[in-house]
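Computation of the quantities below employed the complete heavy-atom set of this structure, encompassing side-chain atoms and omitting hydrogens, waters and symmetry-equivalent molecules.
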Amino acid sequence: MTGRTLDQVNWPVRTPRLSLRPAVATDLKATWQFRQLPEVSRWLTRAPATLRDYRAQFLDPESLAKSIVIELDNQVVGDVMLQIDQSYLVRAQEDLLGSVVGLRVTSARERLKLAGARESGW
């Protein structure tokens, strides 16, 4: 592990298709739009049923500090948690290895880079 922090990243991080940046309070409604969908929320470890509950979760300073939004054509299309520690690195690697959808693979690859992992030699 490199000891890298999110404050040391030159935001936004851009890929050929996506842009990743730290979430801010004003991303609340954009992320709620897809997180409230049953086909999305069923896969979430924390899936509040109401906007009020989601607001409390999303705006929690500790949670917001680890949240990264994913944009496609300047629209928020996803969000991920990025906590740089060894256990997170393992989870991000599993996401990358188990993903088949292009956006998820790209997001996982960029999260690994942000966490200081090298794409070869994991």
Side-chain angles (χ1 to χ4, degrees):
M1 221 46 241
T2 64
R4 191 173 193 185
T5 68
L6 294 182
D7 294 336
Q8 296 170 310
V9 175
N10 187 19
W11 299 106
V13 172
R14 298 188 195 284
T15 74
R17 295 175 59 193
L18 304 173
S19 178
L20 286 75
R21 63 169 174 78
V24 294
T26 55
D27 292 319
L28 173 81
K29 288 187 180 180
T31 56
W32 174 247
Q33 291 302 307
F34 53 81
R35 282 180 163 260
Q36 70 175 328
L37 300 171
E39 60 269 27
V40 174
S41 66
R42 70 182 277 204
W43 299 103
L44 302 174
T45 55
R46 297 187 310 168
T50 67
L51 177 58
R52 180 182 177 163
D53 292 341
Y54 180 64
R55 179 178 290 114
Q57 173 187 300
F58 185 83
L59 296 178
D60 172 67
E62 188 174 315
S63 179
L64 194 57
K66 298 183 239 178
S67 296
I68 305 296
V69 294
I70 304 164
E71 294 180 328
L72 176 65
D73 297 329
N74 296 314
Q75 288 192 311
V76 176
V77 296
D79 68 306
V80 294
M81 188 262 310
L82 179 58
Q83 179 176 329
I84 300 177
D85 65 24
Q86 191 61 39
S87 62
Y88 175 76
L89 186 56
V90 170
R91 288 193 307 271
Q93 287 173 3
E94 290 170 354
D95 278 355
L96 178 60
L97 296 174
S99 296
V100 293
V101 178
L103 291 176
R104 190 163 178 215
V105 169
T106 301
S107 171
R109 183 177 295 120
E110 291 307 309
R111 286 186 286 160
L112 284 168
K113 287 179 186 176
L114 290 171
R118 290 172 287 153
E119 288 192 45
S120 60
W122 290 334

- line: Tightest non-hydrogen contact, residues S19 and R14, listed as OG-NH1, 3.4 Å
query: What are the two closest non-hydrogen atoms of P22 and V69, and how far apart are they?
result: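 Heavy-atom minimum between the residues: O-CG2, 4.4 Å.
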Hydrophobic cluster membership, with links at side-chain heavy-atom distances under 4.5 Å among I/L/V/M/F/W/Y: are [X] and [Y] in one?
X	Y	answer
L18	W11	yes
L37	L44	yes
I68	L64	no
L28	F34	no

statement: By side-chain hydrogen bond (donor to acceptor under 3.5 Å, both in side chains), T50 pairs with (sequence neighbours left out) D53
query: Which residues pass the side-chain hydrogen bond (donor to acceptor under 3.5 Å, both in side chains) test with S41, sequence neighbours left out?
result: none
- request: Any side-chain hydrogen bond (donor to acceptor under 3.5 Å, both in side chains) involving residues 69-78? Give me the pairs, sequence neighbours left out, ordered by first then second residue.
  value: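 For residues 69-78: R21-E71.
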- prompt: What distance separates L82 CG from L20 CG, expressed to the nearest 0.5 Å?
  reply: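 Those atoms lie 9.0 Å apart.
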- prompt: Does the side chain of V76 come within less than 4.5 Å of T31's, by heavy atoms?
  reply: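 Yes - at least one pair of side-chain heavy atoms lies under 4.5 Å apart.
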query: Does any pair with a residue in residues 33-42 pass salt bridge (charged side-chain N to carboxylate O under 4.0 Å, His left out), and if so which ones, sequence neighbours excluded?
result: R35-D79
field: Polar side-chain atom of D60 near backbone of Q57 as donor-acceptor pair, under 3.5 Å
entry: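 Answer holds: no.
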Residue list, ring pair (Phe, Tyr, Trp, His ring centres under 6.0 Å) with Y54, at least two apart or on another chain: W32, F58
Partner set under salt bridge (Lys or Arg N to Asp or Glu O under 4.0 Å) for K66, not counting sequence neighbours: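 For K66, the residues satisfying salt bridge (Lys or Arg N to Asp or Glu O under 4.0 Å) (neighbours in sequence not counted) are E62.
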